[in-house]
Every structure is written in C-alpha cells, then in structure tokens.
Amino acid sequence: MKKLRLGILGLGEGRSTMSAALQSELLDLIQVCDLNEDLGRKRSKEFDFHAYTNNYQVMLDNKDIDAIAIYTPDHLHASHIKQALMHDKHVICTKPFIDNLADAMDLLQLAKDRNKRVFVGQSSRFFEPVRKQRQDFEAGLIGDLITIEGYYHADHRWFLEKPWSLESKFKWLYGGLSHPVDFIRWYLPNIQEVMGYGMLSSNGQKGGLKNYDTMHFIFKAEDGRVARVSGAYTGPIQPVTRDSEMSCILRGTHGASQADYMDLRYAITDNTGEERMITWEHKLKHYFRFEGKSHHAGEYQNYLEYFAQAILNNTAAFPDMKEGIGTIALLQAMDESLETGKPVSPKDLLARFGINPSDLA
C-alpha cells in the first residue's frame, strides 16, 4: 500500500502525531524534530523511534519526506510553513494556521507556485461526537440551522509551565478559543461582524499570563443568523458528568444536537422528536492513549489519515489553507474587538491586508 511519508516538527503536541503515524496504515513516519534534545530523546525512547534531529533544516533536506506536520508555537507557524513549502513538502499545521494575516498572501502564492497542499489540523472536527453531529446535520436530522453555540472552558493552569505560554505573543484567543470558533465557521462560514469582551482573571495574573484568559463573543452572519462563543482557561471546572470542557450546540428548525469534547458523548433531538444520547466508550483507547486526556492521538490519526487519503487520491481536504486564513481573519477581528470594545468585520480586516474574499473561495 502506498503511504504518505511524514516528518514531524515539534514533539510536545507532536507526541500524539508520532503515535498516530506509527499506528496508521496510511502513514510512514520518516523523521522527527525538536530543538529540545531532552524531549527528542524522551520521545525516541517512548516510541522506540530514533530518526530524530534537533535541526529543522535536516528534515527539510530529507528527500524521503512528502509532508511535514508542524506543532510549534503559534507565532512560528508562518515561518515553518514557508520553509516546508520552499522545500517542496506538503504541510499539516496545527491550529491556529498562522497568527498574522500579513503572512497569508505570500503563503497562498507559495503553495500555488510549488503545487503543494496545506491542511490545518483543527483536530476537534475529527473527534467522534463532532463527526457524528456533522453527519446528522448534513442528513437533515435537525432541519435548517437557526443558531450555533460553542465554548471551551478548561482549567489549563498546568499549561503555564510552558515558558512560551507566558510570553506576550501567546493568547488563549488563538491557542484555545480557535477550537469552538472553528465550529462557528464550519456551520456559518460568512460572518459579517463579531463583538466581544474579555478579561485577565486573577488566576491568570498570578500565573504570569499577559493576555486575556476569559472571553465571550457574539457573531452575526451575512444572512442574519447569530452565534456565540465563550472561553475560560485558568479556573476550576464543573464535574464532567454535568458538562464537558468543550461543546458544540446546534439549534435547528426541527431539532437540536450537542457534541461534547473531550468526552465521547453526543445528544440529539431529531426531526421526529426522538431524543438520543450516544457514547463511544469502546473507542477510548483509540482517542486517548496517554495519561488522562492531555493528548488526543485518536483524532490526530483521524485527520492525518484523511489528509493522507486526499494526497494519495488527489481529492479535497478541509480545512485547507484558504479556510485557515478565513478563520484567522475572524480570530483577528475578535482580537481587535477585545481591544476596541466595538464590533469588527473580518472582511474589513482582509481588505486591510490586501486579501480579496474571492481569493479564499
């Protein structure tokens, strides 16, 4: 069987990708890379995989690699994507795709010139309850969409142990809220404007964060529909039997559904009035392979294999670079709304950076 030959850059979140690639029949893991040699040795021992380098250029020059999966800090994505494309590699980049629209057009043009594909690893789309929710929606089980609600509330104070999380460049808006914001764009891609408020909690201040850790937003789509998203990241959460850390709620003309994450739980009231709750405990070992639920190798494997099939069969794979840029435009509009206290249009931001929405169609 033909396989997609993969290199992985960044072995923190890349740990899940190593597990996924090594267990997949569609992927051949060729090499991994991280500047942290202690982490590199740890991963080599953990997976008994020893093709490790601490030099990204070595991986870029490896002719046996078809695609590079990037799991580095957000502000480095654009540079790492550009280097991969320049060396004729396909790219899988964890969300958020980039953190500045100023880099968008150059990357779009470069991918086109090099005839290479870029896939954005919005992993939550590939979690079992979320996939089931999308299937049911497309099958018309809740009718036409009225509104969508998304949230991500988690006690991520442990994350502040990562030194780069305390830098001024790190924002939970991009590092966390991008998950439920992606749900919004998946169902309502044409957002006209967004308005939001945020604050840095006392826990966040104590932990050394520089930017907001608590945020709430309202969206208005071009067709008049509205949606909302919220995120809170440095406080305790309620018991999981009551609520999940992340969730996507669809309210339709004939039904409603809710997909939870990181719990394998889905609920729907369909167009017949039937109420159902579905769980997937039998897939726990696929989705969660390490301690607790801190790494999500199963959904990573799902999206890596989806992208591999797209490359091998020359079919579409979403979210692609264009969709990723649209999401960044929305996130930057949200960021600007936090700072100005006013509604912001993503299209206005695109225009500011010389990006025509037709370029993303």
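A quick note: this is a predicted structure, and the numbers were derived from the prediction, not measured.
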Q: Go through the structure and list residues passing salt bridge (charged side-chain N to carboxylate O under 4.0 Å, His left out) with Asp260, not counting sequence neighbours.
A: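 Residues passing salt bridge (charged side-chain N to carboxylate O under 4.0 Å, His left out) with Asp260: Arg265.
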Q: For Arg125, enumerate each residue passing the salt bridge (charged side-chain N to carboxylate O under 4.0 Å, His left out) test, keeping only those at least two apart in sequence or located in another chain.
A: Asp182, Glu323
(Q) For Tyr71, run the side chain to side chain contact (heavy atoms under 4.5 Å, CB included) check against Arg15, His80, His77, Glu13 and tell me which one passes. (A) Glu13
**Q.** Leu349, Leu350, Asp99 screened by side chain to side chain contact (heavy atoms under 4.5 Å, CB included) with Gln332, the one that passes
**A.**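 Running side chain to side chain contact (heavy atoms under 4.5 Å, CB included) over Leu349, Leu350, Asp99 with Gln332 returns exactly one hit, Leu349.
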**Q.** Test side chain to side chain donor-acceptor pair (under 3.5 Å) applied to Glu37 - qualifying residues, sequence neighbours left out
**A.**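 Glu37: side chain to side chain donor-acceptor pair (under 3.5 Å) contacts with Asn54.
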Q) Do we get Lys95 above Phe97's six-membered ring, with its NZ or CZ under 6.0 Å from the centre and within 45° of the axis? A) no
Q) Distance under 6.0 Å and angle within 45° of the ring axis: does Arg225 meet both against Tyr187? A) no
**Q.** Crowding at CG, Asp61 (>12 non-hydrogen neighbours, <6.0 Å)
**A.**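 Counting other residues, nucleotides and ligands, CG of Asp61 exceeds 12 neighbours.
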**Q.** Heavy-atom neighbours of Asp113 CG exceed 12 at 6.0 Å
**A.**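 Counting neighbours around CG of Asp113, more than 12 heavy atoms of other residues, nucleotides or ligands fall under 6.0 Å, so yes.
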Ring-plane angle category for [X] and [Y], please: parallel below 30°, perpendicular beyond 60°, tilted otherwise.
{"X": "Tyr152", "Y": "Tyr233", "value": "perpendicular"}
{"X": "His153", "Y": "Tyr151", "value": "parallel"}
{"X": "Trp186", "Y": "Phe183", "value": "parallel"}

(Q) Salt bridge or not between Glu138 and Arg134? Use side-chain N to carboxylate O under 4.0 Å. (A)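 A salt bridge is present here (some side-chain N lies under 4.0 Å from a carboxylate O).
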Q. Taking NZ, NE, NH1 and NH2 as the nitrogens, is one of them in Lys3 or Asp28 under 4.0 Å from a carboxylate oxygen of the other?
A.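 Here Lys3 does not pair with Asp28 in a salt bridge, since their nearest N and O are not under 4.0 Å apart.
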Q | Aromatic centroids of Tyr174 and Trp172 separated by under 6.0 Å | A |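 No, the ring of Trp172 stays outside the 6.0 Å limit from the ring of Tyr174, centre to centre.
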Q. Just checking, any donor-acceptor pair under 3.5 angstrom between side chains of Asp34 and Tyr52?
A. no
Q: Ignoring hydrogens and angles, state whether a donor on the side chain of Trp158 or His156 is under 3.5 Å from an acceptor on the partner side chain.
A: yes
Q.
Please check this pair: side chain of Arg114 against backbone of His90, looking for a donor-acceptor N/O pair closer than 3.5 Å.
A. no
